[in-house]
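The structure appears below as structure tokens.
Quick note: residue numbers are just sequence positions, from 1. Remember, it's a predicted structure, so these values are computed and weren't measured experimentally.
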Amino acid sequence: MTTILLARHGETDWNREGRWQGWADPALNDAGREQARTLAEQLRTTPFDAVYSSDLRRARETAEIVAAPHEVPVITDPGLREIDIGSWSGLTRAEIEERFPDGTRPDGETRVQHQARVVATVERIAREHAGALLLIVSHGGTMRALRAHASDAPFHPIDNCGVIELHFRDDRLTTSDDSQSSQRRA
């Protein structure tokens with residue numbers, strides 16, 4: 001069995017402003033860097049075999065901060081990116097409602113496309129590291145898609161630098177305990 005700790009990136013100014021990020025690439029803000037340092041301290045004794053990250057700056061920088069005490073290199077993979085929200089990028093919910101009153105995005109990825117991409121990426125990574133303990137730093141929507149694929153249990157929004165645990169066994173992703181929610185605060 002491969003254990004995957006899936007962490008959300010630290011805060012960006014766009015998170016603070018309620019702007020949808022998608023594939024946009026804002027950096028962590030000072031609060032986000034502090035969240036990443038706190039997560040690094042909380043996971044200091046966790047022996048990662050490998051650390052992966054979305055190639056977007058906010059995830060990569062979070063992963064680098066968390067991985068530093070472990071002296072494990074961060075491997076970036078664009079397959080771990082957030083959903084591509086196309087024209088909604090950089091907009092607040094109010095701006096989206098004003099510009100797209102029917103609530104439909106004219107471009108970007110569908111949730112089904114996003115989930116297929118991230119599941120395939122995480123399963124590939126897990127197969128390459130059979131039996132390992134992995135840290136993957138990604139995004140809220142990506143975590144939601146992976147959790148929905150692994151379990152029917154409800155999933156609530158996760159805070160910046162929050163962590164969920166997944167397992168890869170018998171060639172499929174599962175939650176850490178299929179009988180209860182696997183979301184935990186790191």
By side chain to side chain contact (heavy atoms under 4.5 Å, CB included), which residues pair with [X], not counting sequence neighbours?
| X | result |
| --- | --- |
| Thr110 | Val112, Gln113 |
| Gln35 | Glu11, Asn160, Cys161 |
| Glu17 | Asp13, Trp14, Arg19 |
| Glu34 | Arg37, Thr38 |

For [X] and [Y], indicate whether the former's side chain and the latter's backbone hold a donor-acceptor pair under 3.5 Å.
| X | Y | result |
| --- | --- | --- |
| Asp49 | Leu133 | yes |
| Ser138 | Leu80 | yes |
| Ser53 | Ala59 | yes |
| Arg105 | Gly86 | no |

Specify the closest pair of heavy atoms between [X] and [Y], including all atoms of both residues, with the distance to one decimal.
| X | Y | answer |
| --- | --- | --- |
| Ala67 | Val74 | CB-CG2, 3.8 Å |
| Gly10 | Leu28 | O-CD2, 3.2 Å |
| Arg147 | Ala153 | NH2-CB, 3.8 Å |
| Leu39 | Ala7 | CD2-CB, 4.0 Å |
| Val66 | Phe48 | CG1-CE1, 4.4 Å |

With [X], which residues qualify under side chain to side chain donor-acceptor pair (under 3.5 Å), at least two apart?
| X | answer |
| --- | --- |
| Asp25 | none |
| Glu128 | none |
| Thr142 | His114 |

- Just grab all the ring-ring contact (aromatic ring centres under 6.0 Å, His included) pairs involving residues 123-142, residues at least two apart or on different chains.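 Residue pairs passing ring-ring contact (aromatic ring centres under 6.0 Å, His included), neighbours aside: His9-His139, Tyr52-His129.
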- Just grab all the ring-ring contact (aromatic ring centres under 6.0 Å, His included) pairs involving residues 18-41, residues at least two apart or on different chains.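 Only Trp20-Trp88 qualify under ring-ring contact (aromatic ring centres under 6.0 Å, His included).
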- Query: Got a sec, which pairs hit side-chain hydrogen bond (donor to acceptor under 3.5 Å, both in side chains) with one end in residues 61-75, sequence neighbours left out?
  - Reply: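 Listed once each, the pairs are Arg33-Glu61.
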- Quick one: do Leu146 and Val119 satisfy side chain to side chain contact (heavy atoms under 4.5 Å, CB included)? Show the steps, please. CA-CA 6 Å; Leu146 288 163; Val119 166; 4.0 Å; yes
- Task: Check the surroundings of atom CG in Asp30: do more than 12 heavy atoms from other residues, nucleotides or ligands lie under 6.0 Å from it?
- Result: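 Check fails, neighbour count at 12 or below.
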Out of curiosity, does [Y] fall in the hydrophobic cluster containing [X] (side-chain heavy atoms, cut-off under 4.5 Å, transitive links)?
| X | Y | value |
| --- | --- | --- |
| Leu135 | Val163 | yes |
| Leu134 | Ile164 | yes |
| Ile65 | Val51 | no |

- Query: What pairs with Asp84 under salt bridge (Lys or Arg N to Asp or Glu O under 4.0 Å), at least two apart in sequence or on another chain?
  - Reply: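 Expected list: none.
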- Message: Quick test of your reading: applying salt bridge (charged side-chain N to carboxylate O under 4.0 Å, His left out), list the pairs with at least one residue in residues 112-121, sequence neighbours left out, ordered by first then second residue.
- Response: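 Those involving residues 112-121 are Glu109-Arg117.
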- Task: Please assess Val122 against Ile136 for the test side chain to side chain contact (heavy atoms under 4.5 Å, CB included), listing each intermediate value before the final yes or no.
- Result: CA-CA 9 Å; Val122 170; Ile136 295 177; 4.2 Å; yes
- Message: Between the side chains of Arg81 and Asp55, is the shortest nitrogen-to-carboxylate-oxygen separation below 4.0 Å, so that they form an ion pair?
- Response: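 Looking at Asp55 and Arg81, the cut-off is met.
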- Run the side chain to side chain contact (heavy atoms under 4.5 Å, CB included) check on Asp77 and Ile125 step by step: do they pass? CA-CA 10 Å; Asp77 191 316; Ile125 290 167; 4.3 Å; yes
